[in-house]
Each structure stands twice: as structure tokens, then as C-alpha cells.
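Structure first, commentary second.
When a ligand or atom number is given, it counts from 1 through the structure's own listing order.
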Amino acid sequence: MVLVAGSANLDFVVRAPHIPAPGETVLGGTFQTFAGGKGANQALACARAGGVATHLLLALGEDAFAAPIEASLSSAGVTLHMVRPGGVATGTAFICVDDQGENAITVAPGANACLHAAHLPPLQGFSHLLLQLEIPLPTVTAYALAAQAAGLQVVLNAAPAGPLSAALLAAVDLLVVNEGELRTLAGNSGSVADCLTRLPCDAVVVTLGARGCVARQGGTFHLQTGFKVPVVDTTGAGDTFCGVLVAALAGQHTMADALRQASAAAALACTEMGAQSSVPHAADVAALLIQATRTDEAAALQALRQFAGLP
Ligand code: RIB
């Protein structure tokens, strides 16, 4: 059983030809709202992966923005541990998606900022705790330490990027980051492999967009190339990766297999608009894994190895 503790937002999304520069106004297309938030997206991805019961500790306001988030999570079978601080709005995110599917996101945390240490539910029965950094850092640290003490595997997706205390890193078994977050935490010098090695956690995964991902597990490196898909919107792809990765690890899959499943799911999450709306079902991930016998696999693997600075 997996417990996710983190943010839930309503995403306000506009597509535009490009993401505006500071001071620039861009005329975009249709405005849409989607259920989002890194914590909620990851919980939904974990649940949709199947095979493991998923719970989510979240905080929502008592406003109209909360209902679509609750509906999305409930329809995926996520068990909710809900905190409802009075007089605070549901978290919101303002997202511009460009014609290449890349995004720029600004989050107004609202109720997410009210989650604190005392809200953590009893941990009996959970094997994994999955955290991100869209709730207060002292809360994340308290949850990680409590889970470590209770014998859970602690997984931290260190997004959005920021410096982390040694105490928090020492409580994390598996760290998941993108390349920018990796360099924020490990410093900007050396290769991707050097950065992975400098971090103190037992296992670290770095996602590298379309290239794929690289994991260091103890002293062993795993490489997983990306799956080629038509990209519509990359929002939530990293969250899908994290949720599916943890579902697979909680289901006793090997790291190599978990990386493959997570990468395929993250690729599919780029093929539709929105965060939770684009998280694939397990059958679609399985279908992509079956059909993905790529003729250029060896070349893609070699390119990934070279990019990561591995021999
Ligand atoms: O990772 C994507 C998510 O970041 C969006 O759903 C948005 O809510 C922000 O939390």
C-alpha cells in the first residue's frame, strides 16, 4: 500500500505559440481547467498503474475549485485523507503550454500550505511514502522522518527545485529529480552520473525528457531510453513517472522494470492535454511496452549513456 502526501491544485491552462518572456503579452488559445497538483497527480498515476492500493493526504479549500480534484482522484480509486483548513482557497496553478508541449507553471499554494506534521495518518500497512515539495518543507521533513522510523521506503520527488537539509536527504531512500533539480541538489559540476553519485540517498533517478532516464541504485547504474510519442502537453509527465515508478516498486518489480513502466507511462502522459486527464491506464502502458520494439534502441541507449557521462 502506497501513501502519497502532497499538493492538489486546480490547473488553469492556456495554450500559446510560445511561453511569454518577462513583460511580454502573448495571445493564446482556449482556456481549460484540469485537476492537478504534483501530489494528487502522482497519487492518481500510482492508482491507475494498478496492483497497489493508493492513499493521498491532501488539503483542499471549501470552494468550487475543490470538487473537480476530488472527483478526479475518487474516480481513479485513490483513498483520500482530507484536510480542510477553513477560510483558505484550494491550491491553483497557472500554466502556459507552448506549441512544442513545454510549459511554464506558477502555483498559488492555498490550502496546500496548511498541511503540517500532525496531519500524517497512521502508517501501519503502508510500504512506501511518496513526497514532493509543493507543501511546506518542514512538513515534508516531518513526514519523511516519521515514515523512516516506521520502516517505510521514503521516495521524494524534489520538485519544484530547492535546497534540501541533510536530515531530509538522510531519510530518503529513493530521490527522483529532473536534470535541473539534480544540479540544484548536487551542484553544477561534472556529468549527470557524477551528480547522481554525489547525492547521499541509496537510490537516485534523474528523468531526462525524451532521452529517457538514468538511475543509480547503490553503485549500479540503470539506463532507460525514452519512448517516442507525438507530444501535445508535457504537464504531469514527471508526476506520472513518479507515481508509476512507486506503484511498480511497491508491487515488487525490479528497478529496471519499474523504470521501463514509468518511462512508458510518462511518454503517454505527454500525448494529451492536462495533468490528471493525461495519466494513462495500465492497459495503455502495457500496449506501448509490447509495441515498442525500436530499431534504434541501441543508438538511443548509446546516446543516453554518453549524455549521462557513463562509460
Ligand atoms: O507537475 C505538474 C503540476 O505542477 C501541475 O498539475 C500543477 O498543479 C503543478 O503542481
Side-chain angles (χ1 to χ4, degrees), residues 4-15 19 31-48 56-61 63 65-73 76 78 88-98 101-115 130-137 139-140 155-162 176-182 184 205-209 213 231-246 262 265-280:
V4 184
S7 59
N9 300 327
L10 191 63
D11 293 350
F12 292 75
V13 181
V14 184
R15 267 199 102 89
I19 291 165
F31 162 74
Q32 292 174 281
T33 59
F34 297 97
K38 295 189 194 304
N41 298 345
Q42 293 181 19
L44 184 127
C46 187
R48 279 209 182 141
L56 172 65
L57 170 62
L58 76 168
L60 295 177
D63 54 26
F65 294 165
I69 302 170
E70 272 191 87
S72 174
L73 292 164
V78 178
V88 185
T90 294
T92 45
F94 299 86
I95 304 179
C96 181
V97 180
D98 73 15
E102 292 302 329
N103 61 50
I105 305 179
T106 306
V107 172
N112 296 309
C114 299
L115 277 179
L130 174 56
L131 299 161
Q132 321 73 33
L133 300 177
E134 279 188 343
I135 61 173
L137 196 51
T139 303
V140 172
V155 184
L156 174 64
N157 173 220
V176 185
V177 286
N178 65 23
E179 194 184 354
E181 292 151 3
L182 177 68
T184 297
V205 178
V206 60
T207 57
L208 299 167
C213 62
V231 174
V232 173
D233 176 7
T234 56
T235 309
D239 298 330
T240 300
F241 183 95
C242 293
V244 174
L245 182 76
V246 171
L268 289 172
C270 296
T271 62
E272 287 178 35
M273 282 297 288
Q276 289 171 37
S277 55
S278 71
V279 174

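For the pair F34 and L10, the tightest heavy-atom approach, listed with the atom from each and the gap, is O-CD1, 3.5 Å.
No side-chain heavy atom of T240 sits under 4.5 Å from any side-chain heavy atom of R48. In this structure, the side chains of D233 and E272 stay at 4.5 Å or more apart for every pair of heavy atoms. In this structure, E134 and P160 have side chains that are in contact, with non-hydrogen atoms separated by less than 4.5 Å.
Side chain of D63 to backbone of T90: a donor-acceptor contact under 3.5 angstrom is found. Not one N or O on the side chain of D11 forms a donor-acceptor pair closer than 3.5 Å with the backbone of V13. A distance-only check finds no donor-acceptor pair linking the side chain of S72 to the backbone of P68 [under 3.5 Å].
Between D11 and ligand 1, at least one pair of N/O atoms sits closer than 3.5 Å. Remark: ligand 1 and T235 share no N or O pair separated by less than 3.5 Å (distance only, no angle test). Annotation: G37 places an N or O atom under 3.5 Å from an N or O atom of ligand 1; distance criterion only.
For atom 2 (C) of ligand 1, the closest heavy atom belonging to the protein is D239 OD2, 3.3 Å. For atom 4 (O) of ligand 1, the closest non-hydrogen atom of the protein is K38 NZ, 3.2 Å. Scanning the protein for heavy atoms near atom 9 (C) of ligand 1, the closest one is E134 OE2, 3.4 Å.
Within ligand 1, the atoms closer than 4.0 Å to a non-hydrogen atom of A93 are 7 (C), 8 (O), numbered from 1 in the order shown. Close contacts of ligand 1 with G36, meaning ligand atoms under 4.0 Å from a residue heavy atom, involve 6 (O), 8 (O). Listed by atom number, the atoms of ligand 1 under 4.0 Å from A275 heavy atoms are 6 (O).
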